[in-house]
Amino acid sequence: MAECIFCRIIAGEIPAEITYQDEVLVAFRDIHPLAPVHLLIVPRRHVESLAETGEEDQAWLGRVQVVAAALARREGIAGSGFRLVVNCGPDAGQEVPHLHYHLIGGRTLGGMV
Ligand code: DGP
């Protein structure tokens, strides 16, 4: 999607600190980090939100968690703990309409809401 900011990051049109990429997923540092480690894990394919996914997406949605755990280990927060968050839709405060998972850690995190 030409005007999607995350599609443009994936395409290399907007700079970002990319920390991981494979054939289906890309991870980069959040521009407004909420903690010492704050990565966004996104599918290369433009999917607006988790609400748009279905049975056919099971494999890569599962891969998100495998990659998140690997990145947590690489970032040194697997032992101290981390949070994997997906905001879906307006009530959850989703700002960028391209499905993304926040991997957050490196400090004690507060309550969920
Ligand atoms: P959400 O509220 O779940 O839609 O989170 C969107 C996140 O995306 C927010 O934490 C800031 C981040 N973000 C927005 N624009 C950019 C950008 O251009 N580059 C990077 N690296 N992150 C961005």
Side-chain angles (χ1 to χ4, degrees):
M1 216 186 167
E3 68 275 20
C4 170
I5 199 156
F6 287 175
C7 284
R8 296 189 65 196
I9 287 173
I10 292 162
E13 295 169 9
I14 294 177
E17 190 183 338
I18 292 176
T19 63
Y20 174 84
Q21 46 188 328
D22 63 24
E23 61 281 1
V24 284
L25 301 175
V26 177
F28 50 90
R29 295 199 192 278
D30 194 291
I31 203 167
H32 300 307
L34 299 174
V37 175
H38 189 165
L39 303 181
L40 300 172
I41 303 170
V42 310
R44 286 186 183 276
R45 183 164 63 86
H46 184 84
V47 179
E48 269 203 27
S49 78
L50 191 59
E52 306 294 313
T53 63
E55 289 287 337
E56 67 281 9
D57 300 302
Q58 185 170 314
W60 69 263
L61 286 172
R63 178 152 185 78
V64 169
Q65 298 206 46
V66 172
V67 167
L71 290 175
R73 287 191 290 273
R74 190 199 284 175
E75 295 284 333
I77 57 170
S80 52
F82 61 89
R83 192 168 281 161
L84 186 63
V85 175
V86 56
N87 293 321
C88 180
D91 279 359
Q94 182 179 1
E95 291 171 6
V96 178
H98 181 132
L99 176 57
H100 52 282
Y101 290 76
H102 299 256
L103 175 65
I104 304 168
R107 67 167 173 81
T108 303
L109 302 170
M112 276 296 291
V113 181

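Every number for a ligand or one of its atoms is a count from 1 in the order of the listing. Just so you know, these numbers come straight off a predicted model, no measurement behind them.
- Contact annotation: the side chain of His38 approaches that of His102 to within less than 4.5 Å [non-hydrogen atoms, C-beta and beyond].
- A heavy-atom distance below 4.5 Å is not found between the side chains of Glu52 and Leu50.
- Partner of Tyr101 under the side-chain contact (heavy atoms from CB on, under 4.5 Å) criterion, out of Asn87, Leu39, Leu61: Leu61 alone.
- Atom CD1 of Ile31 is separated from atom CD1 of Ile5 by 7.0 Å, given to the nearest 0.5 angstrom.
- At a threshold of 4.5 Å between non-hydrogen side-chain atoms, the residues Val37 and Phe82 do not count as touching.
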For ligand 1, which of its N or O atoms have a protein N or O partner closer than 3.5 Å, and how long is each gap?
unit_1	atom_1	unit_2	atom_2	d
ligand 1	2 (O)	Gly93	O	3.0
ligand 1	2 (O)	Glu95	N	3.4
ligand 1	3 (O)	Asn87	ND2	2.8
ligand 1	3 (O)	His100	NE2	2.8
ligand 1	3 (O)	His102	NE2	2.8
ligand 1	4 (O)	Glu95	N	2.6
ligand 1	4 (O)	Val96	N	3.0
ligand 1	4 (O)	His100	NE2	2.9
ligand 1	5 (O)	His100	NE2	3.2
ligand 1	5 (O)	His102	NE2	3.3
ligand 1	10 (O)	Asp30	OD1	3.1
ligand 1	10 (O)	Asp30	OD2	2.5
ligand 1	21 (N)	Arg29	O	2.9
ligand 1	21 (N)	Ile31	N	3.4
ligand 1	22 (N)	Ile31	N	3.2

Pair up each side-chain donor or acceptor in residues 41-48 with any protein partner under 3.5 Å, not counting sequence neighbours, and list the distances.
unit_1	atom_1	unit_2	atom_2	d
Arg44	NE	Asp22	O	2.7
Arg44	NH2	Gln21	OE1	3.0
Arg44	NH2	Asp22	O	3.0
Arg45	NH2	Asp57	OD1	2.8
His46	ND1	His98	ND1	3.3
His46	NE2	Pro97	O	3.4

